[in-house]
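Take a look at the structure set out below.
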Amino acid sequence: MNKISCDICMDLMPLVKDSIASEESSRAVMQHINECKDCKILFDEMDEISKIKNESIRMNDKKVISKIKNQLVLGAMIMVIIGSFIGVGISESEWMFYNIIIMPLIGGLGYFALKQKFYIVPIGIFLLTYLWNFIKYIIEVPTNGMDLTAIITAPSAWAIIYSGLCILGVIIGFLLYIAFKKENE
Ligand SMILES: [Zn+2]
């Protein structure tokens, strides 16, 4: 099979392009387009078309991936915010020890969502915890009988513990990220 017709050549072209044609078919097509101008033009056009097609597929994949990533980041941020309020809100209640898990989780999720700006989450936890307890102690002054010094200093103990746990979560998140990255390399 040395000489082939234009029709056969056109039929074989897509197979040659996709590299699934047999060696003999590929050779026959190449030989034909070397001699036939019309088929050569068609063959080159197919190159352009497949290039454009691949490019648009790649662009679409990128768009889908970045969309999923954005949604994951948004979800993580919402969980961080809700988790922060729940965690801080259960301070001094019977559930407060759940914060040993909640705060590192918030830190880890915060690291996932914010990457280089991860420090926002522990700082946010510190401020939220401090303000929350500060306001709570002021409201409860008639029953807790705290003086001003205690009201100012006591919330910082909670704030330091919670942001410390949160930083622990950031570190765990960072280590997981490094481990995951190494595995992917
Ligand atoms: Zn031809």
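The figures here come from the full heavy-atom set of this structure, side chains too, leaving out hydrogens, waters and symmetry mates. All ligand and atom numbering here is 1-based and tracks the order in the structure.
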Applying a strict under-4.5 Å side-chain criterion to I, L, V, M, F, W and Y, I'd like to know whether L131 and I125 cluster together. no
Protein-derived N, O or S atoms lying under 2.8 Å from the Zn ion (ligand 1), waters excluded: 4
How close do G83 and I106 get, counting heavy atoms only, and between which atoms? C-CD1, 3.3 Å
Do S25 and S22 pair up side chain to side chain, a donor and an acceptor below 3.5 Å, judged on atom types alone? yes
Polar side-chain atom of N99 near backbone of I102 as donor-acceptor pair, under 3.5 Å: no
Does W158 have any ring pair (Phe, Tyr, Trp, His ring centres under 6.0 Å) partners at least two apart in sequence or in another chain, and if so, which? Y162
If you draw the axis of the six-membered ring of F174, does the NZ or CZ of K115 fall within 45° of it and under 6.0 Å from the ring centre? no
